[in-house]
Amino acid sequence: MAKLKIAGACSGVLEVELEEWTVPMLREEVAKRSDCGPETINLICAGKVLKDGDGTQKLSELGVRNNAKILATRVSADQGKSFQQELMAEEERSSRISRLKAAAISLAKRHADGSLPIENFNIELENQSGEKVHLGSETDQQAVMMGLMLHANAKQLIRRQNYKDALEVLAMGEEAFSLCNSKVIEMIDNVPILQIDMVWCYFMLRDISWLSVAGIRLAKAREGIEHAHGKESSRVRLLQGGRHPELALYLRLELLEGVVAYHSGQIEKSRKALTSAQAKFFQLQVPDEALSLLMSMGYKEHDAKRALRMNNQDVESAVDFLVEEKAKRAQKQEEDIRRKNEIKEQKRYGMTPLRKAVDLQRLNELVSIGFEKELAAEALRRNENDTQKALDDLTNPESNSGIQHDIELREKKRLRKAKDAAIEQLVSMGFPRASVVAAVQTFGTKKRALNHLLAPLDANPTVAVPNNDGAVTLNAGAGAGAGAGADPGGPSGVHEDLNTEDSIGDQSSVNEAEDRDVEMEDALTEELQRGDAFSDYDIEVTKEGEAINEYLAILASAENS
């Protein structure tokens, strides 16, 4: 038995079994001695509030030791309930953020190492021109991908004004980027932008305790942006054909530099930064005439404003920008469809021994020199996408025969599994199993089997027809902007089967089951789906304008006094 020294609402020594007792048990005992309800007792040990959690954690697991001092405080019943509710909300929030990080790790790992995608989309890194890029090693790719996903999610939280949670997610994103080679990080401006977003959260929370850290972050952000964008944004100007997409970002940076300088006692530096930020704010104000003209052409208000801001309010350049963006979106949709079909094809070939997808580029090379596609794919799958080893197997009569035999066996297995799945789906719709089995065996496709089963029902209108409504199909496009959101207008699973003539055996093979947090993965990919090359620069500067005026007024007031 261990001894706990209780003070506060009651005092004395309490003997407990640290390996057996939980916080609720301890709270109950202290409440008895204090002659009050357990909901009015708060327990603090070593400066840490003891939480009930799920009620199963033992005191020893929470760090409570023999002779530990426990402070028991009493609150009103309502206060106690409120306190418990706050603790539960905080625990739920912490759990959600932990799940978000785990989902980001899982997604980045799946989509950065060449594994066969579980989803019908693939997250890929793109530059501002929409071109696929490969940065550094596989580890670097994974780190950048994870950092970008978390940063995108944090931006969503910032838009919702949930700055506290956004800060935590940004910190996780910063940690992910830190795992990447520094030479790779220097090539992109995502990390400096993340630093600016973190300081923006400090500012919106009005937390002066972050002042010294904010200054360091802003200095790193300016250095990183100048390195990525070139001196006076020369590299951006060259890449963007003279456009100014980064102006709002620099406005926010200068505003925050001015705020930090003011609270650090550097008044002149603060005035200079704020004045420069104000000039950029005025430069970003969209003229009503220009906005009205673009909207009269059919463009949405947000798109029109963004185009004008990024093109220095020039209407002609803004129209060119909008036309280019529309063309890019159309091209990306085509690319997404192509990539989705590629993934479907890769799933049909199965995984390599190291659980990678068959490399389609290498597959096409083998096909181009005369090998049958299924054989070439199986040879690559067996040999971890090693073209030379696959070629050796294909040109060796014995190995070639073995490959063909394995393909036939796998096809039979796939046919059997697909047939069983079709039978179970039709049985679940209410048809007798014996009739379903006979129909599937006879007609070969799910549509024909179902038509046969429905035929006698159609002839008798008084007989209820099984409901054909299925779950909404989840659709996602390929590429870095793909998400896994549901498409409410998409066909149901059963309806889709009714309108295809594919034989039952032609269905794609399915990956082995894997534990996934689909809710958190959807939260991460949803923002990527909406984003584009200019999302980081698309800042609505209203709050920035208000803050600039506020601090310039404070400086003016200080001068007058």
Side-chain angles (χ1 to χ4, degrees), residues 110-124 334-387 389-391 393-394 399-425 440 444-448 473-479 482 484 490-491 493-494 496-514 516:
R110 286 206 305 272
H111 291 270
D113 66 356
S115 295
L116 188 65
I118 294 174
E119 306 87 350
N120 286 330
F121 65 89
N122 196 25
I123 300 172
E124 297 169 313
E334 291 179 5
E335 175 65 19
D336 289 350
I337 292 170
R338 184 192 64 78
R339 185 68 183 110
K340 185 175 180 178
N341 290 333
E342 285 182 350
I343 292 170
K344 188 176 180 180
E345 181 182 357
Q346 286 177 310
K347 288 183 176 181
R348 193 170 74 246
Y349 300 138
M351 294 180 287
T352 70
L354 293 180
R355 302 181 65 79
K356 307 296 184 184
V358 170
D359 190 312
L360 294 183
Q361 183 178 345
R362 299 187 182 192
L363 173 60
N364 290 331
E365 289 172 1
L366 290 174
V367 172
S368 69
I369 58 177
F371 292 104
E372 195 271 323
K373 201 166 191 177
E374 292 287 340
L375 281 175
E378 176 59 17
L380 285 170
R381 188 197 68 78
R382 287 182 168 200
N383 293 286
E384 287 296 339
N385 290 309
D386 188 313
T387 305
K389 290 182 179 178
L391 197 56
D393 280 351
L394 290 168
S399 299
N400 190 300
S401 177
I403 291 173
Q404 292 187 50
H405 178 68
D406 285 351
I407 290 174
E408 290 172 4
L409 286 178
R410 189 167 65 242
E411 183 63 19
K412 288 179 181 178
K413 182 179 179 181
R414 188 168 62 185
L415 277 167
R416 186 171 62 253
K417 287 178 67 176
K419 191 178 293 184
D420 290 345
I423 289 171
E424 293 305 320
Q425 186 173 359
V440 170
T445 71
K446 196 183 299 181
K447 177 182 177 179
R448 291 172 182 167
T473 304
L474 296 181
N475 296 311
V494 175
E496 183 176 299
D497 289 330
L498 290 176
N499 285 281
T500 58
E501 288 290 343
D502 295 338
S503 69
I504 294 169
D506 285 340
Q507 296 180 20
S508 300
S509 58
V510 181
N511 282 338
E512 295 178 16
E514 177 179 321
R516 295 174 55 203

Margin query: Assess whether a salt bridge exists between Glu365 and Arg362, defined as any Lys/Arg side-chain N lying under 4.0 Å from an Asp/Glu carboxylate O.
Written below: no
Next item on the list: Look up atom CG in Leu380 and atom CG in Leu366, then write down how far apart they are to the nearest 0.5 Å.
Entry: 5.0 Å
Check: Do Asn385 side-chain atoms and Ala357 backbone N/O form a donor-acceptor pair below 3.5 Å?
Finding: yes
Next item on the list: In sequence, state the C-alpha distance, the side-chain angles, and the governing distance for Arg382 and Glu378, and then conclude on salt bridge (charged side-chain N to carboxylate O under 4.0 Å, His left out).
Entry: CA-CA 6 Å; Arg382 287 182 168 200; Glu378 176 59 17; 3.4 Å; yes
Note to self: Looking at every heavy atom in both Glu372 and Leu375, which two are closest together, and how far apart are they?
What the structure shows: OE1-N, 3.0 Å
Margin query: Salt bridge or not between Glu408 and Lys412? Use side-chain N to carboxylate O under 4.0 Å.
Written below: no
Next item on the list: Say whether, by atom type as modelled, one donor and one acceptor occur between the side chain of Asn400 and the main chain of Leu394 under 3.5 angstrom.
Entry: yes
Notebook entry, point to check: Which heavy atom in Val358 sits nearest to a heavy atom in Ala377, and how many Å separate them?
Noted result: CG2-O, 3.9 Å
Notebook entry, point to check: About how many Å separate CZ of Arg381 and CE of Met351, when rounded to the nearest 0.5 Å?
Noted result: 9.5 Å
Item checked: Minimum side-chain heavy-atom gap Tyr349-Leu363 below 4.5 Å -> yes
Item checked: Worked verdict on Lys373 versus Asn364 for side chain to side chain contact (heavy atoms under 4.5 Å, CB included) -> CA-CA 8 Å; Lys373 201 166 191 177; Asn364 290 331; 4.2 Å; yes
Notebook entry, point to check: Just how far is it from atom CG of Leu415 to atom CZ of Arg410, taken to the nearest 0.5 Å?
Noted result: 12.0 Å
Note to self: Under a 3.5 Å distance rule, please check whether Gln346 uses its side chain to pair with a backbone N or O of Leu360 as donor and acceptor.
What the structure shows: no
Next item on the list: Going by the side-chain contact (heavy atoms from CB on, under 4.5 Å) test, name the single residue among Asn341, Ile337, Ile343 that passes it with Arg339.
Entry: Ile343
Next item on the list: Please examine the side chains of Arg348 and Glu374, heavy atoms only from C-beta on, and report whether any two atoms are closer than 4.5 Å.
Entry: yes
